[in-house]
Amino acid sequence: MKNLWGGRFGDSMDESAKRLNDSFSFDWRLWRHDIQGSIAYAAALQEAGILTASECAEITQGLVSIEKDALEGDIFDPQSEDVHSAVESLLRERIGPVAGKLHTGRSRNDQVATDTRLYIRESISKVHSLILNLQKTLAVLAEREMETVLPGFTHLQHAQPVLLSHHLLAFFWMLQRDKERFEDCLKRVNVMPLGSAALAGSTVKLNREKLAEQLGFASVSSNSMDAVSDRDYMVEFLSASSLLLVHLSRFAEEIILWNSPEFGYIDLDDSVTTGSSIMPQKKNPDVAELARGKPGRVVGHLMGLLLVLKGLPLAYNKDLQEDKEGLFDTVDTLFVMLPAFDKMLSTAKFSKDRMAKALHGDFSTTTDLADYLVRAGMPFREAHEVIGRLVKHCIDSGRDLESLTPDELAAFSPSLRDAPTGPAGIQESLKARNLTGGTGPDAVKEQLAKALKITRKTT
Ligand code: ARG
């Protein structure tokens, strides 16, 4: 395969250097975006008087035919230097030397930046809808589990009772912020670098605004040197992806814990678990474990790109070719992870029973007992002390809070005599938290309504 830049070179490229330099083995994935950009660019060249109407039509038809055939099978030369060379040489094969006019006033530097922006834009839209699906699943589960109560944890120790709906919706809001981060990142992605050429700007009098409109870009870049060397939009995309995966990994860790026999809060469906090749009894939560593990590679890609950019002089440098594999792997990871995670959640069975049992004798309503004394006029610090003594007494004597008689309770403070403990105490504890954002049943209903509105609005 002939390179696009052979003219000033004597010897052909050394095999080892070529192997290092070529990017077609991974950037072939940009072929659709490359063709999309070129079709619009050909029209802009015609408008600028570089191509005649018939040359533009020939080039466009050639590109359309390549696109059609490439959808059906491998048609590009695998020896190509990169995807841009692959498309251009195939175009030349098909329509002859007129293909050579397409690259007028353009460089692969502004071309590749345009291609990756188109690719990320498309990926964001897909990731956005996958996140939304997961949010919908969470909202459905939250609606279903409105009555289910479980211990809320701090320090992985029972803290206070919460509604399962509240716990699940916590992840809904993380995902909402993730979605917003992708939307925000899109503003910086959706800027067109085409027309920047190699670094100094194109000599062709392109109507960049019109070209941008044609390609669906919201604006055009303001500085050609920045435009060809900028990968901030990609850093932001990898960063939003990393945080999304970090959120999923936190959720995954809880699912793994909850699915363990020690917790037994959740039973994952057979269809999303795996067995062991040696231990016949095993049913492993691999989807959740992979969700926990995936941030490793994606955060790695983010760090990798930041390090490629660090200290890089203006404008384009070949270092920038290192941006792609991590990007593609990130997109692949999200596209595989999100639907699997969704399936795992929507098919899981939650055990109301185990969650209720976990609250038994766990002292998770003692904050409420202190609040009870506060309502009777005791300063909170004092109430905390009294209830602390009560807890110590129970632990020392091996008693549950709910087994204490009114007299025993009153021995710690007369106002405690009728304080609710056990299931009634749990219900009181929840009801006491009906302020916005709290786990009280009314507050969670309002929260759910907000969440449902979001899932409906964005469809
Ligand atoms: N494969 C290259 C990359 O990904 C395309 C741009 C090449 N530009 C150049 N001046 N050699 O960055």
Side-chain angles (χ1 to χ4, degrees), residues 1-9 11-38 41 70 76-92 100 102-123 189 191-204 221 223-235 237-238 301 304-332:
M1 132 94 24
K2 209 164 144 283
N3 284 320
L4 296 177
W5 35 261
R8 62 99 66 218
F9 287 85
D11 294 341
S12 61
M13 208 174 177
D14 174 75
E15 197 42 48
S16 65
K18 178 168 166 56
R19 214 176 312 134
L20 172 69
N21 183 62
D22 287 359
S23 55
F24 183 74
S25 64
F26 49 90
D27 70 11
W28 63 267
R29 293 179 52 152
L30 294 170
W31 67 268
R32 269 191 306 115
H33 312 89
D34 199 72
I35 290 175
Q36 186 189 355
S38 287
Y41 190 67
F76 299 112
D77 180 352
Q79 289 304 311
S80 304
E81 182 184 354
D82 55 25
V83 63
H84 325 293
S85 321
V87 173
E88 193 178 317
S89 58
L90 200 54
L91 186 64
R92 198 173 320 109
L102 176 61
H103 210 54
T104 316
R106 185 174 72 169
S107 157
R108 282 179 294 165
N109 300 351
D110 57 348
Q111 194 177 352
V112 73
T114 303
D115 292 1
T116 48
R117 283 171 184 268
L118 290 171
Y119 172 81
I120 294 178
R121 190 173 77 191
E122 188 181 275
S123 303
V189 170
V191 179
M192 188 193 72
L194 210 51
S196 304
L199 78 162
S202 181
T203 48
V204 176
S221 55
N223 181 304
S224 59
M225 295 181 82
D226 177 37
V228 293
S229 63
D230 170 26
R231 293 294 181 273
D232 295 3
Y233 60 98
M234 206 182 280
V235 169
F237 177 77
L238 296 183
H301 298 323
L305 181 58
L306 284 169
L307 288 177
V308 165
L309 295 174
K310 187 206 163 288
L312 202 65
L314 287 176
Y316 177 84
N317 296 273
K318 200 55 174 268
D319 314 41
L320 290 171
Q321 181 165 285
E322 289 297 308
D323 62 357
K324 281 169 212 63
E325 286 152 290
L327 170 67
F328 296 145
D329 184 65
T330 298
V331 170
D332 290 345

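In each ligand, atom 1 is the first atom listed, and ligand 1 is the first ligand listed. On a predicted model such as this, the values are computed, not experimentally measured, just so you know.
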Below 3.5 Å only, please: the N or O atoms of ligand 1 paired with protein N or O atoms, distance on each line.
{"unit_1": "ligand 1", "atom_1": "1 (N)", "unit_2": "S23", "atom_2": "OG", "d": "3.1"}
{"unit_1": "ligand 1", "atom_1": "1 (N)", "unit_2": "D82", "atom_2": "OD2", "d": "3.4"}
{"unit_1": "ligand 1", "atom_1": "1 (N)", "unit_2": "Q321", "atom_2": "OE1", "d": "2.7"}
{"unit_1": "ligand 1", "atom_1": "4 (O)", "unit_2": "K324", "atom_2": "NZ", "d": "2.5"}
{"unit_1": "ligand 1", "atom_1": "8 (N)", "unit_2": "N109", "atom_2": "OD1", "d": "2.9"}
{"unit_1": "ligand 1", "atom_1": "10 (N)", "unit_2": "N109", "atom_2": "OD1", "d": "3.0"}
{"unit_1": "ligand 1", "atom_1": "12 (O)", "unit_2": "Y316", "atom_2": "OH", "d": "2.4"}

Main-chain N/O of D319 paired to N317 side chain as donor or acceptor, under 3.5 Å = no
More than 12 heavy atoms of other groups within 6.0 Å of K318 NZ | yes
Less than 4.0 Å between a side-chain N and a carboxylate O, is that true for D34 and R108?
-> no
Name the orientation class of the two ring planes belonging to Y119 and F328 (parallel below 30°, tilted from 30 to 60°, perpendicular beyond 60°).
-> perpendicular
Under 4.0 Å between a Lys/Arg side-chain N and an Asp/Glu carboxylate O for K18 and E81?
-> no
Write down the atom of V191, the atom of R117, and the distance for their closest heavy-atom approach.
-> O-CD, 3.1 Å
